[in-house]
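What follows is a single structure, written as structure tokens, with notes after it.
Quick note: numbers below take in every heavy atom, side chains included, and nothing from hydrogens, waters or symmetry partners. Positions are given from 1, in the same order as the sequence printed here.
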Amino acid sequence: VQLQASGGGLVQAGDSLRLSCAASGRPFSNYVMGWFRQAPGKERKFVAALSRSGGSTYYADSVKGRFSISRDNAKNTVYLQMNGLKPEDTAVYYCAAEDRNMYASSYYSDQHEYSYWGQGTQVTVSS
């Protein structure tokens with residue numbers, strides 16, 4: 001599967017952004033989808049993930065209550081709605097996909113469990 005992330009930009013603290021990740025290739029509904037981010041000089045970290053059906057969602061503590069992940073299988077797209085953005089949310093955001101089963105909730109937040117990655121989109125939040 002090929003992934004194309006978009007929607008990043010420069011915003012002020014408190015603003016909202018919606019990131020999109022369009023997938024092409026095998027049927028989109030086969031994939032667990034995740035968002036990760038990497039701030040300058042830091043390791044890439046988990047942000048949010050979504051099961052194949054969309055029935056289960058997982059979030060990093062730092063974004064709970066502010067970010068929301070969703071998918072539209074008909075459009076082969078996963079979204080990350082980001083509200084109440086903070087300067088510490090500044091990072092390159094990557095979408096990721098995996099078609100193997102994830103047998104434990106902890107797998108969803110582990111970047112090593114994902115085989116496919118998009119190119120990243122920059123989000124910059126000014127104070």
Side-chain angles (χ1 to χ4, degrees):
V1 65
Q2 292 78 46
L3 303 174
Q4 181 74 36
S6 62
L10 172 62
V11 297
Q12 294 185 335
D15 285 351
S16 298
L17 273 178
R18 188 177 78 161
L19 305 184
S20 300
C21 178
S24 60
R26 291 179 59 193
F28 183 66
S29 59
N30 288 350
Y31 295 92
V32 169
M33 300 299 297
W35 286 97
F36 293 78
R37 67 187 182 186
Q38 187 168 18
K42 297 187 177 180
E43 295 182 350
R44 187 162 58 188
K45 293 185 177 180
F46 169 71
V47 176
L50 186 63
S51 63
R52 290 185 178 90
S53 68
S56 296
T57 57
Y58 305 86
Y59 296 97
D61 288 343
S62 58
V63 306
K64 280 181 182 176
R66 299 188 298 123
F67 290 13
S68 177
I69 187 172
S70 62
R71 67 191 299 158
D72 186 336
N73 285 346
K75 295 183 178 180
N76 289 355
T77 301
V78 63
Y79 303 99
L80 184 68
Q81 178 67 44
M82 306 186 294
N83 299 326
L85 283 162
K86 303 176 181 180
E88 52 264 43
D89 294 318
T90 294
V92 177
Y93 283 71
Y94 298 90
C95 61
E98 177 55 48
D99 56 358
R100 294 176 299 142
N101 287 326
M102 294 197 179
Y103 295 104
S105 59
S106 60
Y107 289 11
Y108 286 86
S109 61
D110 185 348
Q111 60 178 309
H112 299 102
E113 295 294 329
Y114 293 82
S115 299
Y116 307 99
W117 291 84
Q119 85 290 359
T121 184
Q122 176 71 47
V123 172
T124 303
V125 184
S126 63
S127 58

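- Hydrophobic clustering places W35 together with Y116 (ILVMFWY residues linked when any side-chain heavy atoms are closer than 4.5 Å, directly or through intermediates).
- Between Y114 and F36, the ring planes are perpendicular. Angles over 60° get that label, and only those under 30° would be called parallel.
- Hydrophobic cluster membership differs between V47 and Y108, with clusters built from Ile, Leu, Val, Met, Phe, Trp and Tyr side chains linked at under 4.5 angstrom.
- You'll find the side chain of F67 stays beyond 4.5 Å of the side chain of L17, heavy atoms only.
- Here the side chains of I69 and Y59 are in contact, with some heavy-atom distance below 4.5 Å.
- Applying the side-chain hydrogen bond (donor to acceptor under 3.5 Å, both in side chains) test to D61 and every residue at least two apart in sequence or in another chain returns K64.
- Under the 3.5 Å distance criterion, the side-chain polar atoms of D110 are matched with a main-chain donor or acceptor of H112.
- Looking at every heavy atom in both residues, N73 comes nearest to S29 through ND2-CB, 3.6 Å.
- T57 places none of its side-chain heavy atoms less than 4.5 Å from the side chain of R71.
- Minimum heavy-atom separation, N83 to S16: OD1-OG, 2.9 Å.
- For R18 (side chain) and Q81 (main-chain N/O), no donor-acceptor pair under 3.5 Å exists by modelled atom type.
- Closest approach of A23 to L3, counting heavy atoms only: CB-CD2, 3.7 Å.
- Checking side-chain atoms of Q119 against main-chain N and O of A5 turns up a donor-acceptor pair under 3.5 Å.
- The aromatic ring centroids of F46 and Y58 lie 6.0 Å or more from each other.
- Contact detail for V125 and T90: the closest heavy-atom pair is N-OG1, 2.9 Å.
- Here the closest heavy-atom approach between residue T77 and residue S20 is recorded as CG2-CB, 4.2 Å.
- Here the shortest heavy-atom pairing between M33 and C21 reads CE-SG, 4.3 Å.
- Under the 4.5 Å side-chain heavy-atom criterion for Ile, Leu, Val, Met, Phe, Trp and Tyr, V32 and L50 are members of distinct hydrophobic clusters.
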Pair up each side-chain donor or acceptor in residues 92-99 with any protein partner under 3.5 Å, not counting sequence neighbours, and list the distances.
{"from": "Y93", "atom 1": "OH", "to": "R37", "atom 2": "NH1", "distance (Å)": "2.8"}
{"from": "Y93", "atom 1": "OH", "to": "D89", "atom 2": "O", "distance (Å)": "2.6"}
{"from": "E98", "atom 1": "OE1", "to": "S115", "atom 2": "N", "distance (Å)": "2.8"}
{"from": "E98", "atom 1": "OE1", "to": "S115", "atom 2": "OG", "distance (Å)": "2.5"}
{"from": "E98", "atom 1": "OE2", "to": "R100", "atom 2": "N", "distance (Å)": "2.9"}
{"from": "E98", "atom 1": "OE2", "to": "R100", "atom 2": "NE", "distance (Å)": "2.9"}
{"from": "D99", "atom 1": "OD2", "to": "R26", "atom 2": "NH1", "distance (Å)": "2.5"}

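- To the nearest 0.5 Å, atoms CD (Q111) and CD (Q38) are separated by 8.0 Å.
- Note that OG of S127 is 9.0 Å distant from CD of Q12, once rounded to the nearest 0.5 Å.
- Side-chain atoms of T124 and Q122 form a donor-acceptor pair, as typed in the model, at a separation below 3.5 Å.
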